[in-house]
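The structure appears right after this line, and notes come after that.
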Amino acid sequence: MVQAQVDLYHLKEGNLPPTLDSLIQGKYIKASQTECPSKEKLKYEDGIVSAPPTNGQ
């Protein structure tokens, strides 16, 4: 879901969002969408959203 909103932001704004907070400010996502169910923050770098590594990996 969040990755799709990064892509939508890119299409509408003409550039990648600098941070996930930019998506929140632009009302593309809610603040709660930047966390995994485990409450760990999603990672965002160079237009790619990823989950943090799980324990043991």
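Nothing fancy with the numbering, it's 1 onward along the sequence.
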Taking only residues two or more places apart in sequence, or in another chain, which ones meet [X] in a side chain to side chain donor-acceptor pair (under 3.5 Å)?
{"X": "Asp21", "result": "none"}
{"X": "Thr19", "result": "Ser22"}
{"X": "Ser38", "result": "Glu40"}
{"X": "Gln3", "result": "Asp7"}

### Query
If you group Ile, Leu, Val, Met, Phe, Trp and Tyr whenever their side-chain heavy atoms sit less than 4.5 Å apart, what else falls in with Leu16?
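ILVMFWY cluster around Leu16 also holds Val2, Val6, Leu8, Tyr9, Leu20, Leu23, Ile24, Tyr28, Ile29, Leu42, Tyr44, Val49.
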
### Task
Check whether any side-chain heavy atom of Lys43 lies under 4.5 Å from a side-chain heavy atom of Pro53, and answer yes or no.
yes

### Task
Applying side chain to side chain contact (heavy atoms under 4.5 Å, CB included), name anything that partners Lys30, two or more places apart in sequence or on another chain.
Ser32, Gln33

